[in-house]
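Since the structure comes first, as structure tokens, the remarks are kept for the end.
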Number of protein chains: 4
Amino acid sequence: MDTIANIEGIITPIVTPLKGTDELDVTGLEKLVEHVIAGGVSGIFVLGTTGEFSGLSYRLRKELVERICRQVDGRIRVLVGITDTAFIESVNMAEKAYSSGADALVAAPPYYYPTGQPELIEYYDRLLKQLSLPLFLYNMPLHTKTILEPNTVSAIAVNEKVAGLKDSSANMVYFRSLQYAMKDHPGFRLFIGPEEIMADAVLLGANGGVNGGSNLFPGLYVELYRAAKLRDFERLELLQKKVLQISAMIYSVGRYGSSYLKGLKCALSLMGICDDYMTEPFHRFKKEEREKISEALKTINEGLAR
Amino acid sequence: MDTIANIEGIITPIVTPLKGTDELDVTGLEKLVEHVIAGGVSGIFVLGTTGEFSGLSYRLRKELVERICRQVDGRIRVLVGITDTAFIESVNMAEKAYSSGADALVAAPPYYYPTGQPELIEYYDRLLKQLSLPLFLYNMPLHTKTILEPNTVSAIAVNEKVAGLKDSSANMVYFRSLQYAMKDHPGFRLFIGPEEIMADAVLLGANGGVNGGSNLFPGLYVELYRAAKLRDFERLELLQKKVLQISAMIYSVGRYGSSYLKGLKCALSLMGICDDYMTEPFHRFKKEEREKISEALKTINEGLAR
Amino acid sequence: MDTIANIEGIITPIVTPLKGTDELDVTGLEKLVEHVIAGGVSGIFVLGTTGEFSGLSYRLRKELVERICRQVDGRIRVLVGITDTAFIESVNMAEKAYSSGADALVAAPPYYYPTGQPELIEYYDRLLKQLSLPLFLYNMPLHTKTILEPNTVSAIAVNEKVAGLKDSSANMVYFRSLQYAMKDHPGFRLFIGPEEIMADAVLLGANGGVNGGSNLFPGLYVELYRAAKLRDFERLELLQKKVLQISAMIYSVGRYGSSYLKGLKCALSLMGICDDYMTEPFHRFKKEEREKISEALKTINEGLAR
Amino acid sequence: MDTIANIEGIITPIVTPLKGTDELDVTGLEKLVEHVIAGGVSGIFVLGTTGEFSGLSYRLRKELVERICRQVDGRIRVLVGITDTAFIESVNMAEKAYSSGADALVAAPPYYYPTGQPELIEYYDRLLKQLSLPLFLYNMPLHTKTILEPNTVSAIAVNEKVAGLKDSSANMVYFRSLQYAMKDHPGFRLFIGPEEIMADAVLLGANGGVNGGSNLFPGLYVELYRAAKLRDFERLELLQKKVLQISAMIYSVGRYGSSYLKGLKCALSLMGICDDYMTEPFHRFKKEEREKISEALKTINEGLAR
């Protein structure tokens, strides 16, 4: 089994099942956790972008971390997102993760004000002093308005507590430049956010993916990871087509930039795994969109069966 | 004295004096509150962008609201920012504001995920149902990545609890279009964020400004407001030059987009009002920049004395 | 009559009437020129953003400049846009403008590659050496991806050939900061692009507007300019409402960011002034949108008659 | 030898050697063309972003196309960029390319005004009607402000004259989504702009790269292409490191977003191939930066020798 220092493969950025504002869908969450573990993923990332972390109350965030750590019980790794605009709240969440038995933390830059690169280096330096668990950096420029530039990452990673980085930029020049900047840090681990390019990044040396679709079809992403790792191009392209189909059919119904989140939760609900209630300002799909997702799931499942 | 329904003039987006991470500079805060009240402002806006709200722990945010409400004690209006990515935390802060005796609330859109206009209408509709105080909308596209479009504002403002809007976009076409869209809501109040154009907006019908510089020189901004309100152009242009000088000399030392916040806090510290400790990821100015601000203050004070 | 050195009031950024790809609607152009002169404008700006300059062949640009200069024949000022990505083509167009008898030139920064501020200073310095006519700078960040920062403008304006600047940013903090940076260049003239805030800027010291709507209703914009200049607030707000109505009803039919251009040309066509053929990649409005513009014109004309 | 229909490998986006404003460095150009042909590239792309197309006069653009076609004389393929804001000028350049004996054309969307996707479909449809040579689309969102979305490409590519697409977005989710959208157009050819990810894209099915660095070291990029095509991972990673080194050392000296262009031309000048005069608003590197590039070249050449 993986330790954090050598973790690889698929880490599920777990969806947060909700029954209402500030109310966890506990049964749904339990089913979802077992579903992804059964699918062979190496870890769960709680409180990520896919988990709607920023829309959850702090009370619920803590309940969620506690429940998942208890249920997983060491079977796979648990990573906890501590991204926050307030330093103290990041530290508080990190302590909760530690006391709950999580394995690692994940932190993107603070995201309300724009931040300069030297400020980011100091920020992570101060944050790392407060942490008892290994930390993964999280490059998510779309939401944080700032890029963790390769030289910045390299300066931050001098601290041994830095385990690696999750890159959700989709920019492969960034990925390659980061690899180059980190060429003398062999232990530094790289995970890729967008599932459409997870296999590609693994071919090029990434250690795995943190892919939303693994909430739905964990086995597919685990297999695709393995095909990439083994450089089995034929199998890779076959599985890659299914991943691209999921992206094209599940994540692009509806509008306003949240169609990914809505499609994912709607599909989980249709699969009988959990409720599709969403954090404000988002709303679950209505009948018409739900039917489209239902049709899409049929098409995808037929393809997977083959 | 103004009620919220007819408030006008200058509202100070109050700086949050800190002694360290998560520790309020209580004495500094008391001095600052008396300083701005003595300067003649009509209200204090707690937990705004200038108050570094997003970098403060929830504990400190509540302490701050409580202390300010108690100290102000009805002498001027207190508005409390409840902008948050998590709906429940906005509601919690609104309840704290209400129980502390604040007069009104201010809320920008949630700011982690991108949001569509119809989603904003539903969001504010649900939020307003939970509020016991009047609400000002807050248009701050630079930080929230979304514009409160005029037609969206007009749809939200159907709810009587909506008292007005603070616009920090600096885009006067937006301001004029909003006025036009709200032409049938005579009670809707408009305040302008960027102090460089406060007087201009007041000339055109705005009810006042929410200007960071009024932490430093409250009387100057109050006088400028009055000159604009009276259409005393000569006086307006005289005072306007001083405001532009403050902007050019205090807010543009240093780099990385936070020079405004740093300059403001540094100047307050030099004036002996409060500490200049900042929330992460920002740091107070070092010696060299501090000297520049000190020189700037001298120049500005000489100008004000004339 | 105005010379370039003391020009003020409304300058019409003239629409380019076309009958087809690379074919001028000569009769339409003649009518349009007489229409705006009759309306009392102080100048015509040929080859601006509203004139679709970048979509016209160089042959047609030259024909256009020649025809307009000949027809205007000194009655009002003619300004010619020489904005180009290629230095030599800017110089060529400037020579054509000079030989045709134009009064001044207008140049935004080159707009394909991103440009730094020091590069802009050198660029304008080199360009000015090649020009025989006074030059207006053109701040148009939306299309050129670069802002002419106040300190950059102040450095460029050391050259006596620089007559002023047209600002189309809609950002009044920019406008105020530019005024402040240019406070020691009393002859420098400022014109404002977005018509929704032309009067506002004139109240604050701008010398006039370069407003697309003056193609349609030149007299309205001239009157509004005068009301602002005279600080006749009652008249200003009355006329301002009409300008905002034009903006709301004529420029926002259709989609894709070109609704302003399409609405303007469609309205001119409905008014019997010129053809509404557009440069690629744009197309004239179809029946449904044309009917909306027709209805809008009726409403606006009724308002203007009152 | 490749025809356009089955072209693969490296296409050099050729630098435009200049001796002054509007003056070609003819000897330099001849050397450069022979240099890249000797290095084994499959084609030359004239008038691309790397060739500073938008900064060249039309006269010089035509001279350049003519000279390169004559010199290449069928030994490799010549592709000519016809990207322009003016439709007629694109058509004119296409005719010049055809009459000069070029093999294909390349066109990005018009780049001054923002454009909608349906407008892009109509635009390319009209453009293709005027062309006598096969066309490659060019996705370059950084400079054109618009993305050629996968469904838009798929709609345009119904026309048989469309040979493929050059993608310079660096976004591999775009690349994978485009592949998926084009899965039923087997003849459609994909080339990748950013050299840092050329090999990666070839591994995933791209037909080659259009990489600026191949002006300097054509053989390196050709070898890297072959290693990727043969899935020789060991060799790929070895050569990839050199490409990343070139990117890190040659393209990041200097500032303002044009450091890539400046570094490339400076290196060619140091290698004795051509002059480093640049189109306005850019300037060649001065002594200090030139020395850095010189040092970088030494380091890189030592690495290449090994």
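A note on names: the letters A, B, ... follow the listed sequences, proteins ahead of strands, and every chain is numbered from 1.
- Contact of Ala181(A) with chain D is not made at all, since no heavy-atom distance falls under 4.5 Å.
- Going from atom CE of Met172(D) over to atom CG of Leu204(A) covers 8.0 Å, rounded to the nearest 0.5 Å.
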Is there any N or O donor on one of chain A and chain D with an acceptor on the other under 3.5 Å, and could you list each such pair with its distance?
| from | atom 1 | to | atom 2 | distance (Å) |
| --- | --- | --- | --- | --- |
| Ala170(A) | O | Met172(D) | N | 3.0 |
| Met172(A) | N | Ala170(D) | O | 3.0 |
| Arg176(A) | NE | Asp200(D) | OD1 | 3.3 |
| Arg176(A) | NE | Asp200(D) | OD2 | 2.8 |
| Arg176(A) | NH1 | Glu237(D) | OE1 | 3.4 |
| Arg176(A) | NH1 | Glu237(D) | OE2 | 3.4 |
| Arg176(A) | NH2 | Asp200(D) | OD1 | 2.7 |
| Arg176(A) | NH2 | Glu237(D) | OE2 | 3.3 |
| Asp200(A) | OD1 | Arg176(D) | NE | 3.3 |
| Asp200(A) | OD1 | Arg176(D) | NH2 | 2.7 |
| Asp200(A) | OD2 | Arg176(D) | NE | 2.8 |
| Glu237(A) | OE1 | Arg176(D) | NH1 | 3.4 |
| Glu237(A) | OE2 | Arg176(D) | NH1 | 3.4 |
| Glu237(A) | OE2 | Arg176(D) | NH2 | 3.3 |

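- Listed options Leu236(A), Leu203(A), Leu244(A), Val243(A) were ranked by heavy-atom pairs under 4.5 angstrom with chain D; first place goes to Leu244(A).
- Contact of Ala201(D) with chain A is not made at all, since no heavy-atom distance falls under 4.5 Å.
- Sparse packing is recorded around CD1 of Ile147(D), with 12 or fewer heavy atoms of other residues, nucleotides or ligands lying under 6.0 Å away.
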